[in-house]
Amino acid sequence: MKSPSPAAKRIFSGSVWGILSKILDAGAKFITIPLLVGYYGKGDYGLIALAFSLNAYLRLMDLGMNVGSVRFLSQWEAKGDWNSISRASKSGVIFYGIIGLFNALVFLFMAFNGEFFFKLSPDQIPVYQTMMFILSASTIPNWLSNVVVQLLSAKDELGYVNRAFLISSLANFGVALTAIHFKWSLPAYFLGYTLATLLPIPMNIVRLKVFPLRLSQLLLPKWDLPIFKEIIGYSAAIFLMGIFQLTANELRPILLARYASSIDVLTDYRVIQTIAMLVISFGSIFLQVLLPSASKVYAEGNPAKMERMVLEATRYISIFLCFVVFILILNSRDLLGVYMGPDYLYLSPWLNLWLLTVLLNMHNTPVASLVLSSGKTKALIYSSAISCIVSLPITVILAPTMNVGAAVLGYLVYMSIQIGFFYVYYIPKILHLSSRKILTTSFIPALAAGLLSFGGAYGLQKWLALGDSEWLKMIVNSGVFLLIFLGMVGAFLIRSEEKQFLSALVQRITKRVK
């Protein structure tokens, strides 16, 4: 029997710290959001959600350079081509500096024109303007930090990057508690939050010592048109695809702010988004880890190795995602009750639908990373455009009556079209892999384990009639689900060699923690 491939080992090992940091970050948000909503009120907290959404949507100005840079930097790092890395990173500093400046001007424009775009009350306008000023001031260093993260990603230093992110999350948690305890104004809290997000930047810069180059050789601005054209030529397709992806994902809350019954709906959106983002963030971690490995595997031109990487990575990721998604769905109603109170229980069906949509999307991350590595993204642009154009009107039409549900349904339509396109066209026609094999050997077995474990835990809960205790129901549900799921995965989905590898990895992590 075959042992896990080196690519699979790097993917799994590189994901551990990222998953841990995202879990703790989600835990911090899980605790602080109800506290912040209770302190500032549902309406004013909606301003924070709006600011986050505007900031996220403007990430499309990246022009696909983040993915493109990691792809090329990974290939150059594998070859030891330090000259190309230096030229690319120096050009990246200028590129992101210009984007950051333009981004800052956009926030200034939004600061003075917010009342024309969103349903803001007169009392909310000055608060909203101050928050836009804060975002405007922070956007340049945030954009410039992309260069550093790209370099570290190419050097397989994502574990360190995620540890730095974890420190930022803990700082944000402290800022939220401090703001509530000392009764800070909303702008004061938002300033503290923004400063905490900047903490990883100096830490990541220090880590650049892993390169055999001085900092000046990596970060001193110097424009190099030939190498920039090489990266942007590939990245342009990613940018066009990113326009539609970011528009479909990040414009939804902005459309809610414009067309829903009130800006309070953004608080509902933020509540279920925080839970769903736990799973979504795992997908971003997997893509970060997979992209450098996929780029190197694709460059080798070995179809058998490509197929093995996709099958193994999809199986590992599907198992993990099914565990997280179904345990959250099993406890969603009780979770919302504990999290926000009985007034938010009506969000449970929309949260469950969002989680299933995320599972549908995120299990495909290994295939997506290979597609991005191939550079053959033209058809993917068309599918993203069609998905976006079809899904956004659904949110606009349904927002006045269904509020947050309109955004969830729009997201479901978008992802369904995208995933269907991958399995029908991209996997068989571009990657020359078997869609049926990926589904039957990697995704469906994990999905079956999740569904059966969910059914067993849910049925036992109904039979035991555990009463009204939300905590008791969640503990029993989770314990039963965990036992059934781990039993099925251990018996049918994980090979003996993989169990040995996982056991050794856990032991190494435990020793480091101690």
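Just so it is clear, the structure is predicted and the values come from calculations on it, not from any experiment. We use all heavy atoms of the structure for the numbers below, so side chains are in, but hydrogens, waters and symmetry mates are not.
A heavy-atom distance below 4.5 Å is found between the side chains of Arg270 and Ile33. The shortest side-chain heavy-atom distance between Arg87 and Asn83 falls under the 4.5 Å cut-off. Within the 4.5 Å cutoff, the side chain of Leu135 has heavy atoms near those of the Phe190 side chain. Between Tyr160 and Met203, some side-chain heavy-atom pair lies under the 4.5 Å cut-off. In this structure, the side chains of Lys222 and Ser91 stay at 4.5 Å or more apart for every pair of heavy atoms. Counting heavy atoms from C-beta on, the side chains of Leu219 and Leu144 never come closer than 4.5 Å. The shortest distance between side-chain heavy atoms of Phe109 and Leu105 does not fall below 4.5 Å. Put simply, the side chain of Phe72 does not reach to within 4.5 Å of the side chain of Ile227, judged on heavy atoms.
Of all heavy-atom pairs between Ala164 and Pro200, the closest is O-CG, 3.6 Å.
Results of the side chain to side chain contact (heavy atoms under 4.5 Å, CB included) test with Glu307 over Leu431, Leu433, Ile438 single out Leu433 as the only residue that passes. Considering Leu353, Thr395, Leu351, Asn352 as possible partners of Val408, the one that fulfils the side chain to side chain contact (heavy atoms under 4.5 Å, CB included) test is Leu353. The ring-ring contact (aromatic ring centres under 6.0 Å, His included) test with Phe485 singles out one residue from Phe492, Phe326, Phe323, and that residue is Phe323.
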Stepwise side-chain contact (heavy atoms from CB on, under 4.5 Å) check, Asn361 with Tyr411
CA-CA 10 Å; Asn361 175 34; Tyr411 182 58; 3.9 Å; yes

Between Arg252 and Tyr269, does a side-chain contact (heavy atoms from CB on, under 4.5 Å) hold up when you go through it step by step?
CA-CA 10 Å; Arg252 287 178 294 131; Tyr269 182 87; 3.7 Å; yes

Could you walk me through whether Trp143 and Thr139 pass the side-chain hydrogen bond (donor to acceptor under 3.5 Å, both in side chains) test, one step at a time?
CA-CA 6 Å; Trp143 277 104; Thr139 187; 3.3 Å; yes

Apply side-chain contact (heavy atoms from CB on, under 4.5 Å) to Asn172 and Thr32, showing your working.
CA-CA 9 Å; Asn172 277 322; Thr32 57; over 6 Å; no

Take Glu77 and Ile85, measure what side-chain contact (heavy atoms from CB on, under 4.5 Å) needs, and give me the verdict at the end.
CA-CA 8 Å; Glu77 192 276 334; Ile85 289 176; 4.2 Å; yes

From CA spacing to verdict: side-chain hydrogen bond (donor to acceptor under 3.5 Å, both in side chains), Gln150, Tyr96:
CA-CA 12 Å; Gln150 290 163 8; Tyr96 283 114; 2.8 Å; yes

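A distance of 5.5 Å separates CG in Leu328 from CG in Leu355, rounded to the nearest 0.5 Å. Between the CG atom of Leu50 and the CD1 atom of Ile48 there is a distance of 11.0 Å, given to the nearest 0.5 Å. Between atom CD1 of residue Ile275 and atom CG of residue Leu335 there is a gap of 4.5 Å, rounded to the nearest 0.5 Å.
Remark: Arg214 fails to qualify as a cation-pi partner of Trp82 under the 6.0 Å distance and 45° angle criteria applied to the six-membered ring.
No more than 12 heavy atoms of other residues, nucleotides or ligands lie within 6.0 Å of OH in Tyr425, so this atom counts as exposed by the packing criterion.
Between His363 and Tyr423, the ring planes are parallel. Angles under 30° get that label, and only those over 60° would be called perpendicular.
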